[in-house]
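What follows is a single structure, written as structure tokens, with notes after it.
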Amino acid sequence: MRTQVGIVGAGPAGLMLSLLLAERGIDSVVVEARSRSAIEQTIRAGVLEQGTVELLDQCGVGDRARAEGARHDGIELRFRGEGHRIDFAGLVGRSVWLYPQHEVLTDLIAARLAAGADIRFECSDVELREVTSDRPVIAFTEADGTRVELECDVIAGCDGSTGISRNSIPASARTDHFRAYPFGWFGILAEAPQSAPELIYAHSERGFALISTRTPTVQRMYFQCDPEENADDWSDDRIWEELQTRVAGNGFRLAEGRIFQRSVLPMRSYVCEPMQYGRLFLAGDAAHTVPPTGAKGLNLAVADVLVLAQALESFYSTGVTERLENYGATASRRVWRAQHFSWWMTSMLHTDPHGSPFDLRRQLGELDSVTSSVAGSTYLAEAYTGWPLSL
């Protein structure tokens with residue numbers, strides 16, 4: 001087989017890149033290990049920056065996010081038992097939308113298949129070959145057992161942090177920047193009414209908590225825990241007691257209900273440099289991961305592939321490779337800003353299990369500074385709602 005751009009992975013980065021390339025008249029084939037149903041049924045939370053929603057609109061796939069997603073014009077930082085609202089709309093004139101990642105993927109898959117896109121689900125034994133040549137190859141076995149070799153001009157590695165693309169760059173040719181945090185998130189889904197109109201980011205001596213929402217009757221909540229914690233060891237009563245304790249103050253209480261999903265999420269930061277090797281270009285989680293505190297994961301993937309699509313458009317229209325050669329340097333500027341913001345939010349709100357009373361008081365001083373300062377609040381609002389996608 002032959003195509004212009006071979007895309008490994010049908011996650012946010014891969015599907016969005018396929019859509020952006022099609023709009024520019026560039027052919028692509030998407031190779032994915034999972035089935036369509038597995039992708040659409042793997043429940044993942046999602047906070048979409050305004051720029052991400054606007055790009056979905058421009059590509060004709062934003063209607064359901066607008067109609068079914070929840071627009072939030074701010075968040076609450078809660079500490080010392082009091083809430084402090086960060087007014088995104090008032091400070092920077094921008095908002096975010098709560099719309100789960102799997103719903104974004106459902107919308108993108110439906111749109112691409114309706115347009116006749118070539119997406120190969122349930123592929124196995126995927127290999128990347130000759131990535132430093134001008135005819136790299138993706139070899140894979142289809143669901144029916146057929147072995148395929150897909151020759152491309154360019155390969156986009158969009159297969160996440162455990163995919164093959166990142167490791168197709170020799171260890172001698174890349175630098176792995178990695179940080180593991182000494183805590184994780186204990187996450188639950190619960191059948192309960194909404195406790196607050198906007199997300200609550202809570203700091204307490206017992207650790208961080210995040211109060212989010214999925215639907216009017218299903219709520220998503222997290223609290224800081226040991227990353228080795230076994231979620232099955234916690235009863236519903238114990239979970240609710242922990243959450244209530246961390247957000248308590250001024251008579252505020254969470255609405256409780258039946259917990260039907262629980263899991264522990266480790267917290268990591270990672271960046272692969274360079275984000276390209278020969279004709280292989282990494283995007284999304286294949287190139288970087290962030291702790292979820294800053295709500296940047298999916299949005300960074302979208303920003304990456306917009307830069308890559310623009311570079312490919314220049315390459316195919318002019319034959320000049322300059323923008324492709326600069327892809328990694330261009331995309332990584334935003335990546336490192338997002339890494340800083342995600343680390344900052346994480347370090348400000350989570351208690352260090354090895355910390356001292358000084359560290360706790362310093363955090364409270366930082367939260368005071370952010371919430372009492374227009375400049376501090378504006379930075380948080382600007383970064384949370386997203387920098388311009390052209391950055």
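Fair warning: this is a prediction, and the values are worked out from it, not measured in the lab. Residues take their numbers from the sequence shown, with the count starting at 1. Heavy-atom basis, side chains included; hydrogens, waters and symmetry copies ignored.
- With salt bridges taken as basic N to acidic carboxylate O contacts below 4.0 Å, one links Arg334 and Glu49.
- At most 12 heavy atoms of other shown residues, nucleotides or ligands fall within 6.0 angstrom of atom CD in Glu241.
- Screening residues 177-186 for side chain to side chain donor-acceptor pair (under 3.5 Å), with sequence neighbours left out, gives His177-Glu273, Tyr181-Ser269, Trp185-His350.
- The backbone N or O of Gln4 sits nowhere less than 3.5 Å from a side-chain atom of Asp27 that would complete a donor-acceptor pair.
- Panel note: side chain Arg323, backbone Glu313; no donor-acceptor pair is recorded below 3.5 Å.
- Residues Trp344 and Val47 are members of one and the same hydrophobic cluster, defined by side-chain heavy-atom contacts under 4.5 angstrom among Ile, Leu, Val, Met, Phe, Trp and Tyr.
- Note on Phe79 and Ile211: separate hydrophobic clusters, where clusters join Ile, Leu, Val, Met, Phe, Trp and Tyr whose side-chain heavy atoms are under 4.5 Å apart, directly or indirectly.
- A donor-acceptor pair under 3.5 Å is formed between the side chain of Gln276 and the backbone N or O of Gly328.
- With sequence neighbours excluded, the residues that form a salt bridge (Lys or Arg N to Asp or Glu O under 4.0 Å) with Asp368 are Arg80.
- Cluster partners of Leu128, by chain and number: Met1, Val8, Val29, Val31, Val126, Val131, Ile138, Phe140, Val148, Leu150, Ile155, Ile164, Ile169, Tyr277, Leu280, Leu282. The rule joins Ile, Leu, Val, Met, Phe, Trp and Tyr whenever side-chain heavy atoms lie under 4.5 Å apart.
- Scanning for ring-ring contact (aromatic ring centres under 6.0 Å, His included) contacts around His72 gives an empty result, with sequence neighbours left out.
- Proximity of a side-chain donor or acceptor of Glu149 to a complementary backbone N or O of Ala139 within less than 3.5 Å is not detected.
- Between Arg214 and Glu103, none of the side-chain N atoms (NZ, or NE/NH1/NH2) sits under 4.0 Å from a carboxylate O, so this pair counts as no salt bridge.
- Within 6.0 Å of the CZ atom in Arg44, the count of heavy atoms belonging to other residues, nucleotides or ligands does not exceed 12.
- Here the closest heavy-atom approach between residue Val335 and residue His288 is recorded as CG2-CD2, 3.4 Å.
- With hydrogens and angles disregarded, a donor-acceptor distance shorter than 3.5 Å links the side chain of Arg262 to the backbone of Trp234.
- A donor-acceptor pair is defined here as one N or O able to donate and one able to accept, closer than 3.5 Å; no such pair exists between the side chain of Glu32 and the backbone of Ile7.
- Judged by distance alone, the side chain of Arg258 and the main-chain N or O of Glu191 form no donor-acceptor pair under 3.5 Å.
- No continuous path of ILVMFWY side-chain contacts below 4.5 Å connects Met221 to Leu199, so the two sit in separate hydrophobic clusters.
- One hydrophobic cluster, built from ILVMFWY side chains closer than 4.5 Å, cannot hold both Val320 and Val307; they sit in different ones.
- Summarising the local packing, CZ of Arg238 is surrounded by more than 12 heavy atoms from other residues, nucleotides or ligands at distances under 6.0 Å.
- Every residue two or more places apart in sequence or in another chain that forms a salt bridge (Lys or Arg N to Asp or Glu O under 4.0 Å) with Arg78 is listed here: Glu76.
- Checking side-chain atoms of Asp359 against main-chain N and O of Ser356 turns up a donor-acceptor pair under 3.5 Å.
- When atom types are taken as modelled, the side chain of Asp73 and the backbone of Ala89 share no donor-acceptor pair closer than 3.5 angstrom.
- Residue Trp343 places its CH2 atom among 12 or fewer non-hydrogen atoms of other residues, nucleotides or ligands, all under 6.0 Å distant.
- A donor-acceptor pair under 3.5 Å is absent between the side-chain atoms of Asn250 and the main chain of Phe252, judged by distance alone.
- Applying the salt bridge (Lys or Arg N to Asp or Glu O under 4.0 Å) rule to Asp87 yields the partners Arg85; only residues at least two apart in sequence or on another chain are considered.
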